Structures are given as C-alpha cells and as structure tokens.
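Here is the structure we will look at.
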Amino acid sequence: MGHKFSYEVEQFVDTPDDDLICVICRAVLRCPVRLKCNHVFCKECILQWMKRATFRISNEYLHISSCPYEWQLCPHEGCGQQVLRKDAQAHDQSCSHWRQLCPMGCGTLLVRENQAQHNCYRELQQRYVAERRRQRAIAANLRRKMQRMQSRMAQIRRQINLMCESLEVGDLEIEEGEGTSAWTDANAARIVHPKMKITCIFVYSPSCCSKPV
Ligand SMILES: [Zn+2]
Ligand SMILES: [Zn+2]
Ligand SMILES: [Zn+2]
Ligand SMILES: [Zn+2]
C-alpha cells in the first residue's frame with residue numbers, strides 16, 4: 001500500500017530507523033498518529049485501514065489482542081524472529097524451526113523433515129488391515145485342521161466298525177470295569193478279543209454292537 005505523498009525509504013540518504021517506518025505503507029511515517037496500543041501509523045494509512053477493518057479504537061483490548069501490526073516473537077524454539085501478527089501464519093509455514101505435536105494425538109513431534117511423510121492415521125489403518133488379514137489366516141488354518149481331524153475321526157470310526165464286524169460276537173468278553181454303572185454312564189466298554197488279544201476302547205454305537213445286559 002502506498003499513497004500519493006508517502007516518503008519512500010529510497011528517498012533518504014541514510015536508511016531511516018525502523019521506528020520511523022509505517023508498517024502499513026512501509027514508507028517513512030507521514031502525519032504520524034499513535035494508537036492506544038502505542039502503534040504509530042501514517043494518519044491516512046490507519047484511517048484507510050480502519051475503514052476496511054471496521055475496527056473500533058475504543059475497544060482497546062480487542063485491538064491489542066488482534067492488532068495485525070503487533071510484533072510477536074515466533075513461538076518456535078530457536079527461531080527468535082519477530083513477526084507481525086498478520087504475517088505470523090505465513091512465517092509459520094516457512095519457519096525452519098517449526099515443530100508441532102501430531103494433531104492426531106499419536107505423540108510424534110512433527111518437524112519440517114517428517115511432516116509430509118507422517119500419517120499415523122494411515123499407518124494405524126494399515127496395521128489394522130494387516131492384523132485382520134493375519135487373524136483370518138489363523139481362523140482358516142484352524143478350520144482346515146478341524147476338517148482334517150473330523151475326517152480322521154470318521155476314518156477311525158469306520159475302522160472300529162469293521163473290526164467289530166470281523167469279531168465273532170460269541171467270543172467277546174466284556175471286561176467289567178468299575179461296575180455296570182460305569183458302562184451305562186459312559187456308554188463305553190473295553191472289549192477284549194481272546195484270540196487276537198485286541199483291546200479297543202470305543203464309543204458305544206447301537207449299529208455296531210448291542211449293549212449287553
Ligand atoms: Zn503509512
Ligand atoms: Zn495496534
Ligand atoms: Zn520462526
Ligand atoms: Zn501422528
């Protein structure tokens with residue numbers, strides 16, 4: 001911004017002191033006026049700016065906490081640069097000392113170098129997907145094992161049935177275990193074939209042998 005009769009810095013033989021520069025037009029102050037916040041501007045500059053910003057000088061507090069021409073120390077450790085409030089955002093984006101905790105709350109301290117790559121949400125999502133894939137693989141593996149066990153059990157049952165059929169029922173001796181109640185409760189018995197000396201423990205099945213009385 002500049003106005004018709006501004007004193008441009010270049011017009012001076014010696015570079016004018018910073019205190020004499022209007023931060024709005026960046027020229028040497030012309031008809032300087034001082035606000036309550038001690039900021040000095042060219043009269044015309046501040047009047048124009050007030051018209052644009054519709055700000056009230058009477059609202060001193062509001063102005064002090066929002067005055068765009070207030071110098072502020074860059075909040076990032078090690079920077080030490082003084083920045084006008086209105087330029088703070090632009091400086092923040094270029095400040096080499098910028099650091100911030102990840103806004104997603106993962107606890108990572110973000111700096112310029114890792115900010116672009118850091119995406120903890122995506123990492124978490126990837127880990128979740130990988131974990132689900134792993135669990136599904138475990139479940140599928142268990143299902144396969146169970147099917148193998150079931151078919152092995154069916155095979156054993158068939159073998160027992162065949163063995164029972166091949167035995168002569170008359171030659172069977174039923175060994176009494178703990179008593180008849182054990183037989184009734186467990187529906188199981190040890191059958192000893194006297195000739196073949198085969199001892200088998202099997203689950204009572206009516207289709208195979210009939211329950212002895
Ligand atoms: Zn000015
Ligand atoms: Zn001010
Ligand atoms: Zn900075
Ligand atoms: Zn994060």
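Numbering of ligands and ligand atoms starts at 1, following listing order. Computed from a predicted model, the values in this text were never measured in an experiment.
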Decide if atom CD of Gln117 counts as having more than 12 heavy atoms of other residues, nucleotides or ligands within a radius under 6.0 Å. yes
Rounded to the nearest 0.5 Å, what separates atom CD in Gln100 from atom CZ in Arg112? 10.0 Å
Look up atom SG in Cys45 and atom CZ in Arg26, then write down how far apart they are to the nearest 0.5 Å. 11.0 Å
With a cut-off of 2.8 Å, which protein N/O/S atoms are close to the Zn ion (ligand 3), if we only count those under it? Cys74 SG, Cys79 SG, His91 NE2, Cys95 SG
Where the Zn ion (ligand 1) is the centre, what is the SG-to-SG angle for Cys45 and Cys22, rounded to 10°? 110°
Do other residues, nucleotides or ligands put more than 12 heavy atoms under 6.0 Å from Glu77 CD? no
Counting only heavy atoms from other residues, nucleotides and ligands, does the tally under 6.0 Å from NZ of Lys43 exceed 12? no
What's within reach of the Zn ion (ligand 4), meaning protein N/O/S atoms under 2.8 Å? Cys102 SG, Cys106 SG, His118 NE2, Cys120 SG
Considering only residues two or more places apart or on different chains, which pairs with a residue in residues 118-137 satisfy salt bridge (Lys or Arg N to Asp or Glu O under 4.0 Å)? Glu131-Arg134
I need the minimum non-hydrogen distance between Leu109 and Leu101, along with the two atoms involved. CD1-N, 4.1 Å
With sequence neighbours excluded, residues passing side-chain hydrogen bond (donor to acceptor under 3.5 Å, both in side chains) with His76: Asp92
Do Cys102 and His118 have side-chain heavy atoms sitting under 4.5 Å apart? yes
To the nearest 0.5 Å, what is the distance between CG (Leu124) and CG (Asn119)? 10.5 Å
